[in-house]
Colleague: 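This is the structure, below, for whatever I ask next.
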Amino acid sequence: MGSETTFDMRVERDRSSMDGALNHGEGILRLAPAWVARRSFIPGGRLRVDPSHLYPFGKGRGGVNTRWLGSTVHADNGPDTGPYEGVSMVVTPKGALLPFDAVVAELGASVIGDRQWNAYGGLTAFAKFFDSLYPLPFHVHSQERDAALIGQHGKSEAYYYSPQMNNHLGMQSITYLGLRPGTTRAQVIERLKEHSAGGDNRISDLSVGYRTRLTGGWDVPAGVLHAPASVCTYEPQAASDVMTLFESWSNNAEIETNALWRDVPPEYVGDFDFLVDMLAWNENVDPDFATRRVLSPQETSYSVSGDNSFSEKWVAYKSPAFSAKELTLRPGAAVTIPDSDAYGIVCVQGRGTLAGLPLETVTMIKVSDLTNDEYFVTAEAASRGVEIRNTSDVEPLVCLKHYGPGNVELEAARLLW
């Protein structure tokens with residue numbers, strides 16, 4: 001299981017295989033699961049991975065607590081990270097795997113559309129399921145200006161608490177977000193200087209905790225401090241893997257001091273003022289933080305105009321960097337939905353078909369197994385409309401759909417809200 005990929009299949013990168021996969025699905029690409037292990041976090045067991053496969057990458061690599069969806073990003077897990085870890089793999093009709101980052105780079109606008117390709121030159125967003133039994137330490141993702149100093153991109157993200165992915169809420173279902181209004185730079189620096197002293201620097205005392213509400217979520221811009229709850233979250237986000245840990249103690253264990261300087265340029269290591277400058281200060285101390293950043297599902301205009309056989313709701317819609325929807329079909333229902341942009345899609349409940357391709361929720365799999373629950377719908381296929389059919393006569397079919405920046409449909413919807 002510690003091989004180059006988690007699948008016993010060959011990896012290809014040639015153009016003919018890419019064209020073959022694209023044509024076979026008529027613009028819809030089947031994706032293999034992209035499992036990512038994190039050494040510091042204990043899996044919550046909600047990703048539906050066989051318990052015997054939760055630690056598949058060898059001693060010291062940690063457990064699988066994350067699945068990346070529609071990803072062209074390589075995970076940053078240290079020197080032992082596999083060459084494709086974090087990157088989604090396209091499954092070809094002949095049973096080979098194509099790295100999704102290579103497919104997007106080679107086929108360009110044929111996959112993500114002219115608008116995104118011309119503006120960004122690639123796929124700049126993806127999604128993930130994050131599944132930790134315990135809450136995460138208080139941390140921040142760099143803004144674009146600071147990430148650029150180390151050759152990376154900034155990382156904004158959003159959380160949606162899917163009921164289908166949460167048969168339990170873990171050990172602490174409270175998320176800390178931002179800083180209390182009135183908090184000063186000096187107070188933050190004082191806590192940061194305690195990071196290397198041992199024990200708990202109690203920096204989350206400066207924050208505000210919010211209880212988890214399933215079917216809700218949060219918008220978390222780059223530069224906003226946060227400590228997510230022990231809830232399995234669906235996280236649409238910018239395509240980046242930068243993180244700096246401000247907290248020195250989490251879940252009854254110390255956090256290494258080098259985590260405080262993880263994505264800080266070498267010349268600024270030890271500079272506490274630089275760490276505070278990484279924060280989007282006004283957003284962190286905003287007295288109206290909860291009102292501005294909370295996410296409550298908003299029904300799409302297509303759903304409003306349709307019948308009661310399905311519902312489609314925006315679940316991430318406040319960030320310019322990405323967006324996401326939740327689609328629910330009643331038993332036996334079918335709907336053809338046109339979309340303005342390319343998107344990734346993952347099934348979290350039920351079974352059916354996606355443009356005739358099998359679509360079924362994972363119940364329990366090994367990390368070496370393929371699934372029929374995840375696809376990427378190219379811009380052309382999205383624009384002509386994709387039929388999704390629920391083949392069960394008793395259970396709803398529920399899918400999550402994630403998009404890149406500047407979704408045209410979302411921009412139009414905002415004018416009506």
Side-chain angles (χ1 to χ4, degrees), residues 27-28 69-72 104 109 111-128 141 144 153-162 215-222 224 233-240 283 291-306 310-329 335-346 348 354 374-386 388 398-417:
I28 298 177
L69 306 161
S71 170
T72 59
V104 172
V111 177
I112 64 175
D114 290 326
R115 182 186 65 80
Q116 289 194 67
W117 181 255
N118 293 336
Y120 306 103
L123 191 60
T124 60
F126 70 115
K128 66 174 64 165
H141 301 300
E144 190 68 26
H153 290 285
K155 180 183 172 183
S156 54
E157 60 189 13
Y159 305 146
Y160 175 62
Y161 305 122
S162 166
T215 72
W218 294 97
D219 176 58
V220 185
V224 169
T233 52
Y234 171 63
E235 301 184 13
Q237 59 191 245
S240 177
E283 286 81 355
T291 301
R292 295 183 197 277
R293 298 301 168 196
V294 71
L295 294 170
S296 300
Q298 304 289 324
E299 197 166 11
T300 68
S301 56
Y302 193 84
S303 180
V304 170
S305 64
F310 76 99
S311 68
E312 185 184 52
K313 299 177 181 179
W314 292 105
V315 295
Y317 48 84
K318 291 188 175 182
S319 174
F322 53 79
S323 56
K325 297 175 183 176
E326 179 186 70
L327 173 65
T328 303
L329 275 71
V335 61
T336 298
I337 299 180
D339 272 280
S340 62
D341 288 41
Y343 59 91
I345 183 170
V346 61
V348 294
L354 178 75
E374 185 185 357
Y375 293 88
F376 190 88
V377 179
T378 64
E380 182 180 353
S383 67
R384 66 175 180 255
V386 175
I388 301 180
V398 183
C399 299
L400 300 171
K401 302 164 67 176
H402 30 277
Y403 303 82
N407 183 283
V408 175
E409 180 189 347
L410 176 57
E411 294 304 315
R414 284 198 180 107
L415 299 176
L416 302 177
W417 294 347

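A quick note: this is a predicted structure, and the numbers were derived from the prediction, not measured.
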Colleague: Considering only heavy atoms from C-beta outward, does the side chain of Ser156 approach that of Ser319 to under 4.5 Å?
Modeller: yes

Colleague: Can you name the closest pair of heavy atoms from Gly122 and Val104 and give their distance?
Modeller: CA-CG1, 4.3 Å

Colleague: Kindly give the heavy-atom pair with the smallest separation between Ala316 and Pro236, and that separation in Å.
Modeller: CB-CG, 4.0 Å

Colleague: In terms of side-chain heavy atoms, does Tyr302 have a donor or acceptor partner in Glu312 at a distance below 3.5 Å?
Modeller: no

Colleague: Check the pair Asp341 / Arg115 against salt bridge (charged side-chain N to carboxylate O under 4.0 Å, His left out), numbers first and verdict last.
Modeller: CA-CA 9 Å; Asp341 288 41; Arg115 182 186 65 80; 2.3 Å; yes

Colleague: What is the minimum heavy-atom distance between Gly70 and Leu123, and which atoms define it?
Modeller: O-CD2, 3.6 Å

Colleague: Applying the side-chain contact (heavy atoms from CB on, under 4.5 Å) criterion to Glu157, which one of Thr233, Val220, Val224 satisfies it?
Modeller: Val220

Colleague: Within the 3.5 Å criterion, strictly below it, is a donor on Asp339 or Tyr403 matched to an acceptor on the partner's side chain?
Modeller: yes

Colleague: Starting from the C-alpha separation in whole Å, work towards a yes-or-no answer on side-chain contact (heavy atoms from CB on, under 4.5 Å) for Leu354 and Val386.
Modeller: CA-CA 7 Å; Leu354 178 75; Val386 175; 3.5 Å; yes

Colleague: Would Asn407 and Trp314 satisfy side-chain contact (heavy atoms from CB on, under 4.5 Å), going step by step from the backbone distance to the final call?
Modeller: CA-CA 12 Å; Asn407 183 283; Trp314 292 105; 3.6 Å; yes

Colleague: Spell out, as yes or no, whether a donor-acceptor pair under 3.5 Å connects the side chain of Tyr317 to the backbone of Glu411.
Modeller: no

Colleague: Where does the angle between the aromatic ring planes of Tyr234 and His402 fall among parallel (under 30°), tilted (30 to 60°) and perpendicular (over 60°)?
Modeller: tilted

Colleague: Where do Pro297 and Tyr160 come nearest, in terms of heavy atoms and distance?
Modeller: CG-CE1, 4.3 Å

Colleague: Taking the side chain as every heavy atom from C-beta outward, state whether Glu283 and Arg293 have any atom pair closer than 4.5 Å.
Modeller: yes

Colleague: Atom CG of Leu69 and atom CD of Gln237: how far apart are they, to the nearest 0.5 Å?
Modeller: 9.5 Å

Colleague: Calculate, to the nearest 0.5 Å, the distance between atoms CG and CG belonging to Asp219 and Leu295 respectively.
Modeller: 5.5 Å

Colleague: Output all residues satisfying ring-ring contact (aromatic ring centres under 6.0 Å, His included) with Phe376, sequence neighbours left out; order by chain, then residue number.
Modeller: Phe100

Colleague: Under the 3.5 angstrom rule, does the side chain of Gln298 hit a backbone N or O of Ser296 as a donor-acceptor pair?
Modeller: yes

Colleague: Under the side-chain contact (heavy atoms from CB on, under 4.5 Å) criterion, do Val398 and Glu326 qualify, and how do the steps go?
Modeller: CA-CA 7 Å; Val398 183; Glu326 179 186 70; 4.0 Å; yes

Colleague: Check salt bridge (charged side-chain N to carboxylate O under 4.0 Å, His left out) between Glu144 and all other residues, then give those that pass, not counting sequence neighbours.
Modeller: none

Colleague: Ignoring hydrogens and geometry, is there a side-chain-to-backbone donor-acceptor pair from Ser305 to Ser301 under 3.5 Å?
Modeller: yes

Colleague: Atom OG in Ser71, atom NZ in Lys128: separation rounded to 0.5 Å?
Modeller: 8.5 Å

Colleague: Report yes if some heavy atom in the side chain of Val294 is under 4.5 Å from a heavy atom in the side chain of Trp218; otherwise report no.
Modeller: yes

Colleague: For the residue pair Ala379 and Gly113, what are the closest heavy atoms and their distance?
Modeller: CB-CA, 3.5 Å

Colleague: Mind checking the CZ-OG1 spacing from Phe310 to Thr336? Nearest 0.5 Å is all I need.
Modeller: 10.0 Å

Colleague: Can you tell me how far the CD1 atom of Ile337 sits from the CG atom of Leu327, to the nearest 0.5 Å?
Modeller: 4.5 Å

Colleague: Given side chains that start at C-beta, do those of Tyr343 and Tyr375 come closer than 4.5 Å, heavy atoms only?
Modeller: no

Colleague: Roughly how far apart are Tyr120 OH and His153 NE2, rounded to 0.5 Å?
Modeller: 12.0 Å

Colleague: Classify the side-chain pair Thr378/Glu380 by whether it contains a donor and acceptor separated by less than 3.5 Å.
Modeller: no

Colleague: Identify, with sequence neighbours excluded, every residue that meets salt bridge (charged side-chain N to carboxylate O under 4.0 Å, His left out) alongside Glu409.
Modeller: Lys325

